[in-house]
Amino acid sequence: MSFSYRRVSLASLGMAVGLSALALAPLAAQEQAPAAAAAEAATPVDPKAVVATVDGQTITEADLELAQSELAQQFAQLPEAQRRAAALSAAIEVRVLSNKAIAEGLDKDEDFQRRAAFLQARALHGQLVEKEVVGKITDDEIRARYDKEISATTPVNEVHARHILVKTKEEADKIVKDLDGGADFEKLANEHTTDPSGKTSGGDLGYFGPGQMVPEFEKAAFEIAPGSYGKEPVQTQFGWHVIKVEDKRAKEPPAFDMVKEQVKSLLIRDKYFTLVKDARAAAKIDIPDADLKKAVESADGE
């Protein structure tokens, strides 16, 4: 069952890009790690313990854990027993090639330094969001936001219906006439419907809400009283339908545990936007290009 939230448009393209950088935050990396990595992390290890050395430089358990987190997606298809070794091999590759790059002076390259500075800024951005936003959200806050969203959601009605789908109106009129004579709807559905899924279920469609069926069918179904069938067949792009409504009800909201992580994401989003808005207000930002400045302000919703 899906959870319908009130939509909130992104306040700025800059914020949208910044929010995507949360992938660099420790928590996000941990959430992407496979269950095996989480199980290993549960076993206490000394993060400073050395697992390998490369030209006298150490690779520690902390480095290895970071490698496993950052490369979790690539390692997902590997057997559990091979992931740790693969992560260490990757860490060694990174270290030996980075050492070679330094030896060749690539660390002095202006383009590299610019990229490194940006990546460092992104990492610090993620670390701050992890500490000031994600790390401070409590279960009580999540529950309160859930209750708020539920109370603000317009109730949606659902219909439990059956149908018999045939090719012509004449066939549909004949079925209605049989029903008027006391014939069993489910039996007729199993015998006559051209809907493959309805031939063994008495035409049962289960519960559905607005927007889940073609408009003509939906309109007719919602107008039929529970326990009744439509006296007039309904034509859609699929053919002619004879519809019976079994029940109507208000759609139940999803249980808290089912949408807890989605609600938490809403809180992270809102708190992140507040954090960025306050930080930008306190910063001195100058954009010399008038057209670019106008575009940024427009994107920011100012």
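What you see below is based on every heavy atom in this structure, not just the backbone, and it leaves out hydrogens, waters and symmetry mates. All values reported here derive from a predicted model rather than from experimental measurement.
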> So does Lys294 have more than 12 non-hydrogen atoms from other groups sitting under 6.0 Å from NZ?
Replying inline: no
> Any donor and acceptor pair, going by atom type alone, linking the side chain of Gln82 with main-chain N or O of Pro79 inside 3.5 Å?
Replying inline: no
> What distance do Gln57 atom CD and Ile92 atom CD1 have between them, rounded to the nearest 0.5 Å?
Replying inline: 12.0 Å
>> Using the rule that Ile, Leu, Val, Met, Phe, Trp and Tyr join whenever any side-chain heavy atoms are under 4.5 Å apart, tell me whether Val166 and Leu188 fall into a single cluster.
In response: yes
> Is Val54 reachable from Leu97 through a run of I, L, V, M, F, W or Y residues, each pair having side-chain heavy atoms under 4.5 Å apart?
Replying inline: yes
> Centre of Tyr207's six-membered ring, under 6.0 Å away, within 45 degrees of the axis: is that where NZ or CZ of Arg249 sits?
Replying inline: yes
> What pair of heavy atoms forms the shortest contact from Lys248 to Ala221, and how long is it?
Replying inline: CE-O, 4.0 Å
>> Strictly distance-based, threshold 3.5 Å: is any side-chain N or O of Lys244 a donor or acceptor partner for the main-chain N or O of Ile164?
In response: no
> Measuring from Glu130:CD to Leu124:CG, what's the distance to the nearest 0.5 Å?
Replying inline: 13.5 Å
> Heavy atoms, side chains only, cut-off 4.5 Å: are Arg84 and Leu64 in contact?
Replying inline: yes
>> Tell me if a side-chain donor or acceptor on Arg145 pairs with a main-chain N or O of Lys264 at a distance below 3.5 Å.
In response: no
>> Determine whether a donor-acceptor pair (N or O, by modelled atom type, separation under 3.5 Å) exists between the side chain of Ser228 and the backbone of Ile224.
In response: no
> Is Lys174 atom NZ crowded by more than 12 heavy atoms from other residues, nucleotides or ligands, each under 6.0 Å away?
Replying inline: no
> Cut-off 3.5 Å, side chains only: do Tyr146 and Lys148 have a donor facing an acceptor?
Replying inline: no
> Is the count of non-hydrogen atoms from other residues, nucleotides or ligands lying under 6.0 Å from Arg115 atom CZ greater than 12?
Replying inline: no
>> Starting from Val276, can I reach Ile268 by hopping between I/L/V/M/F/W/Y residues whose side chains sit under 4.5 Å apart?
In response: yes
> Are any of the side-chain heavy atoms of Lys260 and Val263 separated by less than 4.5 Å?
Replying inline: no
> Which heavy atom of Pro210 sits nearest a heavy atom of Val156, and at what distance?
Replying inline: CD-CG1, 3.5 Å
> Do any N or O atoms from the side chain of Glu246 and from the backbone of Pro226 form a donor-acceptor pair under 3.5 angstrom?
Replying inline: no
> Given the rule in the ring-ring contact (aromatic ring centres under 6.0 Å, His included) test, do Phe118 and His125 qualify, once you have shown the distances and angles that lead to the verdict?
Replying inline: CA-CA 10 Å; Phe118 180 71; His125 160 281; 9.8 Å; no
>> Is there a side-chain contact between Glu104 and Lys100 in this structure, where contact means two heavy atoms from C-beta onward sitting under 4.5 Å apart?
In response: yes
> Taking side chain as C-beta onward, heavy atoms only, is Arg143 less than 4.5 Å from Asp147?
Replying inline: yes
> So, Tyr272 side chain and Val134 main chain: donor-acceptor pair closer than 3.5 Å or not?
Replying inline: no
>> Tell me the closest heavy-atom pair linking Val234 and Ala220, and the distance in Å.
In response: CG2-CB, 3.5 Å
> Would you call the rings of His241 and Phe217 parallel, tilted or perpendicular, where under 30° means parallel and over 60° means perpendicular?
Replying inline: perpendicular
>> Let me confirm one number: the NE2-CD1 distance from His192 to Ile175, rounded to the nearest 0.5 Å.
In response: 5.5 Å
>> Would you say that more than 12 heavy atoms from the other residues, nucleotides or ligands in this model lie under 6.0 Å from the CD of Glu232, or not?
In response: no
> Going through the checks in order, is the side chain to side chain contact (heavy atoms under 4.5 Å, CB included) test met by Met213 and Leu205?
Replying inline: CA-CA 10 Å; Met213 297 292 178; Leu205 295 169; 4.3 Å; yes
> Sub-3.5 Å donor-acceptor pair from the side chain of Thr153 to the main-chain atoms of Glu149, do we have one?
Replying inline: yes
> Under 4.5 Å between any side-chain heavy atoms of Val159 and Glu218, yes or no?
Replying inline: no
> So, does Thr60 use its side chain to make a donor-acceptor pair with the main chain of Asp63 at under 3.5 Å?
Replying inline: yes
> CD1/Ile243 to CZ/Phe222 distance, rounded to the nearest 0.5 angstrom?
Replying inline: 11.5 Å
>> Pair Lys231, Asp180 - check side chain to side chain contact (heavy atoms under 4.5 Å, CB included), show working.
In response: CA-CA 9 Å; Lys231 298 294 185 178; Asp180 289 341; 2.8 Å; yes
> For the hydrophobic clusters of this structure (ILVMFWY residues joined by side-chain heavy atoms under 4.5 Å, transitively), does one cluster hold both Ile59 and Val94?
Replying inline: no
>> Please evaluate residues Phe256 and Ile142 with respect to the criterion side chain to side chain contact (heavy atoms under 4.5 Å, CB included), reporting the C-alpha separation (whole Å), side-chain torsions for both, the decisive distance (0.1 Å), and the verdict.
In response: CA-CA 9 Å; Phe256 173 70; Ile142 299 173; 3.8 Å; yes
> So which heavy atom on Phe75 is nearest to which on Ala90, and how close?
Replying inline: CZ-CB, 4.3 Å
>> Rounded to the nearest 0.5 Å, what separates atom CD1 in Ile287 from atom CD in Glu297?
In response: 7.0 Å
> Between Arg162 (side chain) and Gly198 (backbone), is there a donor-acceptor pair under 3.5 Å?
Replying inline: no
>> Are Phe238 and Asp195 packed together at the side-chain level, in the sense that at least one heavy-atom pair is separated by less than 4.5 angstrom?
In response: no
> Counting only N and O atoms by type, is there a donor-acceptor contact under 3.5 Å from the side chain of Thr193 to the main-chain atoms of Lys199?
Replying inline: no
>> Set out, in order, the CA-CA distance, both residues' side-chain angles and the distance that settles side chain to side chain contact (heavy atoms under 4.5 Å, CB included) for Glu186 and Asp204, then state yes or no.
In response: CA-CA 8 Å; Glu186 294 181 39; Asp204 193 3; over 6 Å; no
> Quick one: CD1 on Ile102 to CG on Asp107, what's the gap to the nearest 0.5 Å?
Replying inline: 5.0 Å
>> If hydrophobic clusters are built by linking Ile, Leu, Val, Met, Phe, Trp and Tyr wherever their side-chain heavy atoms come under 4.5 Å apart, do Leu267 and Val133 end up in the same one?
In response: yes
